Amino acid sequence: MPKPPRSIALVDANNFYCSCEQLFRPDLKRDGKIVVVLSNNDGCVVARSAEAKAIGIKMGAPWFQMTDIARKNNVIGYSSNYELYSDMSNRVMSILRDLAPAQEIYSIDESFLDLSGCHDIRERSYAMREKVARWTGLTVCVGIGPSKTLAKLANHVAKKHPRSKGVFDFNQLTPRQLDSVLGNLEVGDIWGIGRKLSEKLNALGIENALQLREADPASMRARFGVVVEKTIRELRAEECISLEEITPARKQIVSSRSFGNPVTELVDLADSIAHFVSTAGGKLRSQKSTAGILTVFIMTDRFREDRPQYHPSFSVPLPQATADTTILANYAAQALKRIFKTGYAYKKAGIILADIGQEHIVQTDLFAEPEPESSSRLMEALDAINFKYGKGTLRLANDGASTAWAMRTENKSPAYTTRLDEVPRCR
DNA sequence: TCTCCGATTAGAC
DNA sequence: CTAACGGTCTAATCGGAGA
């Protein structure tokens, strides 16, 4: 007897960031106000509500360029509120976790679930939707298929076609129905096939998912690389991309930001760098890693072609891998001094931690003083205090001394679910 | 010629 | 008031430097 196909589900929240904002402001829809969420620095549109999509607002549209018409069209641009979105995400993810044998949290609003062997897949899928709706107010769609790529594609179908009622399962189709559905999906709708690859595939006459599935994996690999080959195999229900229940440790940790206003002074850059080191160091320690290389970069505004451009970076190979923010901050400050030049208006800066290894397997420098035990104790205390009392309660002396580099956030909603002091009183 | 490494590209969200 | 175009991450691929 042939093995039954695996059933991988991809559960994805609809218009996640915008839905989070709308949840706490039911008055907006009532008054015909259209919600979009902006990137950091209120730069461009990164999330659109159903209403925003309906009036044709484009993903990635620079907010400052949005016509007055759009703004007068009652469009409200919210500054991104990650504290709110990640708390809502945690709630959704924990509901889903309890409804499936295995879960991979793929992004802030998506999780893959392995439902292979479950006899009640349809009922479970609807239960997910109902439970998430009742407990959080958010709407999710469920796509199911024998591979992750097909689950993603099924989710796309579930979102696009109201008739699916939010659940679509490729495993429930006859081969003919399957071909017909795939034939109606553009290659660009497939996970892993972006803008560039779509263009190249179209030029070869491969325009829909069915045509890509029928392409020869070996020759496509030669032409477009291993990613496209895997995608073809996944469309053929071969499992090439496995479910990862445990998030692998980051191999690189970046913390960077564009500034609300251009920065010209070294002290202000130094302040921002100290902040980035704290953020990145915290992430490093939360995954129990150490970094062996630290890179500092600063850059001018690449959109201002009329101004002199400068975007240097400097990498420091650390004599001994560490996760100690104070040590990292010292090297970062030195690196910054090496690259900083006066006379430029800097628009962005950041740091990169690389050569990441496991804590306690640190290759020590033969000639260096061993890192004192007090160093890790200090970091533990720092992390504990900041966890308990909120990010930034305890920080480096020069982190926060300057506000020159602060990003623009003009319209941020309260952290409704996590900060009582921000919740508006009932009116 | 081979290998290593950094830079670049492409993609995701 | 004006100016204003995100951040984080991975994998693959490319091209030069050095062995």
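The shown structure was predicted, so the numbers you read here are calculated from the model rather than taken from an experiment. Each chain gets a letter, A, B and so on, in the order its sequence line appears, and its residues count up from 1.
Comparing B/dA12, C/dC5, B/dG11 by their closest approach to the side chain of A/K347 singles out C/dC5. Among C/dG7, B/dA12, B/dA10, the nucleotide with an atom closest to any side-chain atom of A/W191 is B/dA12.
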Secondary structure string for DNA chain C (Watson-Crick or G-U under 3.5 angstrom, | for other-strand pairs): ......|||||||||||||
Intermediate values then yes/no, side chain to side chain contact (heavy atoms under 4.5 Å, CB included), A/C44 and A/L38: CA-CA 5 Å; A/C44 45; A/L38 307 176; over 6 Å; no
CA sep, side-chain torsions, deciding dist, call: A/L235, A/I190, side chain to side chain contact (heavy atoms under 4.5 Å, CB included): CA-CA 9 Å; A/L235 288 172; A/I190 301 166; 4.1 Å; yes
Stepwise side-chain hydrogen bond (donor to acceptor under 3.5 Å, both in side chains) test for A/S413 and A/E21: CA-CA 7 Å; A/S413 57; A/E21 299 291 352; 2.7 Å; yes
Derivation of the side chain to side chain contact (heavy atoms under 4.5 Å, CB included) call for A/N81 and A/T409: CA-CA 9 Å; A/N81 184 347; A/T409 49; over 6 Å; no
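For the pair A/I241 CD1 and B/dG11 P, the interatomic distance rounds to 15 Å; values are reported in whole Å. Atoms CG (A/L284) and C1' (C/dT8) sit 15 Å apart, rounded to a whole Å. Rounded to whole Å, atom P of C/dA4 lies 13 Å from atom CZ of A/R302. Taking atom CE of A/M407 as the reference point, atom C1' of C/dG7 lies 10 Å away to the nearest angstrom. Remark: P of C/dC5 and CG of A/N40 are 13 Å apart, rounded to the nearest angstrom. Atom CZ in A/F276 sits roughly 8 Å away from atom P in C/dG7 (whole-Å rounding). The nearest whole Å value for the distance from the NZ atom in A/K348 to the P atom in C/dG6 is 7 Å. Atom pair A/E110:CD and B/dG11:P shows a separation of 17 Å (rounding to whole Å applied).
Between A/F224 and A/L197 there is a side-chain heavy-atom pair separated by less than 4.5 Å.
A/D42 comes within 4.0 angstrom of nothing in the nucleic acid, heavy atoms only. Note on A/N41: nothing from the nucleic acid sits closer than 4.0 angstrom, heavy atoms only. Within 4.0 Å of A/L38, counting heavy atoms only, lies no atom of the nucleic acid at all.
For the pair A/R304 and C/dA4, the criterion of a side-chain N or O lying under 4.0 Å from OP1 or OP2 is met. One finds a side-chain N or O of A/R257 lying less than 4.0 angstrom from the OP1 or OP2 phosphate oxygen of C/dT8. Remark: A/S258 is in phosphate contact with C/dG7, judged by side-chain N or O atoms under 4.0 Å from OP1 or OP2.
Atoms CD1 and OG, on A/I253 and A/S289 in that order, are 6.5 Å from each other to the nearest 0.5 Å. Rounded to the nearest 0.5 Å, atoms CE (A/M299) and NZ (A/K348) are 5.5 Å apart.
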Distances under 3.5 Å between protein N/O atoms and the N/O atoms of nucleotides 6-9 of chain B, please, pair by pair.
none

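Within the structure, every pair that satisfies the ring pair (Phe, Tyr, Trp, His ring centres under 6.0 Å) test and touches residues 70-107 of chain A, not counting sequence neighbours, is listed here: A/Y17-A/Y82, A/Y17-A/Y85, A/Y82-A/Y85, A/Y106-A/F112, A/Y106-A/W191.
No more than 12 heavy atoms of other residues, nucleotides or ligands sit less than 6.0 Å from atom NE2 of A/H311.
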Sequence-aligned protein contact record of nucleotides 9-19 of chain C, with B where the base is within under 4.0 Å of a protein heavy atom and S where only the sugar-phosphate is: SBSSS------
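The aromatic ring of A/W63 does not stack onto the base of C/dC5, failing the criterion of a centre distance under 5.5 Å from the six-membered base ring together with planes under 30° apart.
Contacts between residues 198-217 of chain A and DNA chain B, counted as heavy-atom distances below 4.0 Å, involve no residue at all.
A salt bridge links A/D114 with A/R6; the closest basic N to acidic carboxylate O contact falls under 4.0 Å. Residues A/K131 and A/D98 are not paired through a salt bridge, judged by the lack of any N-O separation under 4.0 Å between the basic side chain and the carboxylate. Here A/D421 does not pair with A/R419 in a salt bridge; the nearest charged N to carboxylate O distance is not below 4.0 Å. A salt bridge does not link A/E239 with A/K148: every distance from a Lys NZ or Arg NE/NH1/NH2 to an Asp or Glu carboxylate oxygen is 4.0 Å or more.
Among A/F297, A/F259, A/W405, the one residue that satisfies the ring pair (Phe, Tyr, Trp, His ring centres under 6.0 Å) test with A/F276 is A/W405.
For the pair A/S256 and A/P62, both in contact range of DNA chain C, the more 5′-proximal nearest nucleotide belongs to A/P62.
A/Q22 is linked by a side chain to side chain donor-acceptor pair (under 3.5 Å) to A/E51, counting only residues two or more places apart in sequence or in another chain.
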